[in-house]
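Structure record follows, encoded as structure tokens.
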Amino acid sequence: MKKNRKKEWLSALFILLIAASVALVFNTVSASGVPLLYQKATLDGKKEISLYEMKKIVDEGRITILDARYDRFYKRGHLPGAVSIPYNTTFLDSLTAGFDKGKPLITYCFSPTCPQADRLADRLREAGFTDVAVFKPGYKAWTAAKYPVEVK
Amino acid sequence: MHKDIALRLKRWPELLGRLFFGFYFMFAAYPKIMHPAEFAAVIRRYQILPDSLSNLPAIILPWLELFVGLFLLAGIMKTATRFWGLFLLVLFTLMVTLAFARGFDMDCGCGVALFGDGRIGWRKVLENTGLSLIYYFLLLHKPLKTKSL
């Protein structure tokens with residue numbers, strides 16, 4: 001009887017171990033995998049992001065970056081992982097449908113003097129997004145620093 | 001002969017339970033495995049664990065569900081598998097009940113509908129409790145008295 005109970009406990013432990021092992025391996029290789037410990041992505045209330053901060057954010061890949069320029073400029077080259085949402089789009093609601101309104105977003109356009117990133121940020125705030133910042137130096141500063149870009 | 005038929009009839013509820021809960025666990029596990037970040041967000045909504053620890057159960061629990069479902073269907077490691085099945089059902093029932101008691105008005109993200117519109121309320125609490133009881137009576141109540149099919 002005692003032997004049986006010990007066997008059941010060992011079986012239960014085996015099931016847990018095999019599930020945990022497969023889970024951890026799958027999480028490591030899967031594109032939708034998550035870090036073992038959750039870290040809240042936040043901009044700490046910042047409204048503007050510097051080039052140095054932006055590099056860190058892109059490397060970590062935890063914050064959604066929005067390219068506010070026209071689609072044709074986006075296609076020629078954009079920050080890695082950035083999503084194209086032209087500042088004057090009429091489809092803002094549908095383009096941002098998958099985004100959580102409480103999560104941080106960063107917009108950018110070409111240079112510190114271009115207005116598109118600020119305009120898109122304003123529109124997003126009006127739409128209810130609470131944590132929106134602008135990468136002021138823009139795409140020009142990013143490429144001048146020879147940081148990687150994506151082309152599609 | 002008659003004894004044999006009676007014995008066979010006794011095994012049917014267990015077989016049905018294994019089939020139903022086996023597929024139930026597998027279908028419930030699939031969306032959670034494919035979308036661990038969303039499942040972690042569901043866990044955070046319940047405010048039971050610290051936020052930083054929400055990813056670990058979101059990674060492991062769905063796979064535990066999947067293995068319980070597979071092992072139930074295959075009929076291997078019967079007692080241990082059924083224990084884990086009950087553990088999962090009771091855990092989800094407790095989470096839903098606690099959230100309801102704390103007055104959280106939110107989507108439960110439970111069962112097979114990770115993204116469904118299952119608002120937490122009396123109905124969800126009763127549904128989960130009922131499911132746990134059915135599971136217990138079909139699969140764990142005197143589990144060793146009859147041989148499974």
Side-chain angles (χ1 to χ4, degrees), chain A residues 1-45 57 59-65 81 83 94 96-105 128-131, chain B residues 25-26 28-72 74-88 91 106-107 114-115 140 143-144:
Chain A
M1 187 69 188
K2 248 186 179 177
K3 212 174 176 186
N4 251 352
R5 189 164 288 179
K6 196 178 167 190
K7 199 180 146 197
E8 297 306 341
W9 278 109
L10 283 176
S11 302
L13 192 65
F14 173 76
I15 294 171
L16 180 65
L17 282 179
I18 197 169
S21 311
V22 175
L24 291 173
V25 170
F26 182 81
N27 186 61
T28 311
V29 298
S30 161
S32 60
V34 291
L36 293 184
L37 291 179
Y38 172 74
Q39 291 165 313
K40 202 172 179 180
T42 174
L43 298 170
D44 296 324
I57 287 167
D59 288 344
E60 287 172 4
R62 286 188 286 119
I63 296 180
T64 307
I65 302 163
V83 178
S94 55
T96 57
F99 300 159
D100 184 336
K101 294 205 168 175
K103 279 192 179 167
L105 296 173
F129 289 89
T130 52
D131 199 5
Chain B
F25 280 123
M26 284 171 65
Y30 179 73
K32 294 172 194 157
I33 288 172
M34 299 318 287
H35 306 280
E38 281 77 1
F39 185 44
V42 169
I43 292 173
R44 283 195 293 280
R45 285 208 300 264
Y46 282 89
Q47 297 175 29
I48 289 172
L49 284 173
D51 278 1
S52 58
L53 295 182
S54 62
N55 280 0
L56 213 53
I59 295 168
I60 294 172
L61 281 183
W63 282 94
L64 187 59
E65 267 187 295
L66 185 76
F67 275 101
V68 167
L70 281 172
F71 286 7
L72 271 180
I76 48 177
M77 287 188 253
K78 281 197 291 183
T79 312
T81 304
R82 291 169 193 204
F83 157 74
W84 277 118
L86 187 70
F87 168 81
L88 289 169
L91 178 73
M106 60 184 205
D107 194 284
L114 182 56
F115 308 108
L140 277 167
L144 302 173

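FYI, side chains are in, hydrogens and waters are out, and symmetry mates aren't considered; it's all heavy atoms of this structure. Within every chain, numbering begins at 1; the chains are lettered A, B, ... in the order of the sequence lines, protein sequences first and strands thereafter.
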Using non-hydrogen atoms only, which part of B:Ala37 is less than 4.5 Å away from chain A: side chain, backbone, both, or neither? both
List the atom of A:Ala12, the atom of B:Trp84, and the distance in Å for their closest heavy-atom pair. O-NE1, 2.8 Å
Which heavy atom of A:Phe26 sits nearest to which heavy atom of B:Ile33, and what is that distance? CE2-CG2, 3.7 Å
If you compare all heavy atoms of A:Ala23 against all heavy atoms of B:Ile60, which two are closest, and at what distance to 0.1 Å? CB-CA, 3.9 Å
Part of A:Leu16 lying under 4.5 Å from any heavy atom of chain B: both
Minimum heavy-atom distance A:Tyr38-B:Ser54, with the two atoms named: CB-OG, 3.7 Å
Mind running side chain to side chain contact (heavy atoms under 4.5 Å, CB included) on B:Asn55 and A:Leu36 for me, showing each step along the way? CA-CA 6 Å; B:Asn55 280 0; A:Leu36 293 184; 5.9 Å; no
Which atoms of B:Leu66 come close to chain A, meaning under 4.5 Å heavy atom to heavy atom: side chain ones, backbone ones, both, or neither? neither
My understanding is that only residues two or more places apart in sequence, or in another chain, count here; which of them pass side chain to side chain contact (heavy atoms under 4.5 Å, CB included) with B:Leu91? B:Leu61, B:Phe87, B:Met95
Most contact-rich option vs chain B, by heavy-atom pairs under 4.5 angstrom, among A:Val34, A:Leu13, A:Leu37, A:Asn27, is A:Val34
Under the side chain to side chain contact (heavy atoms under 4.5 Å, CB included) rule, collect the residues that match up with B:Met77, sequence neighbours excluded. A:Ser11, A:Phe14, A:Ile15, B:Phe71, B:Thr81
Whether over 12 other heavy atoms sit under 6.0 Å from A:Phe99 CZ: yes
Among the options A:Leu10, A:Asp100, A:Ile18, A:Leu24, pick out the one with the most heavy-atom pairs lying under 4.5 Å from chain B. A:Ile18
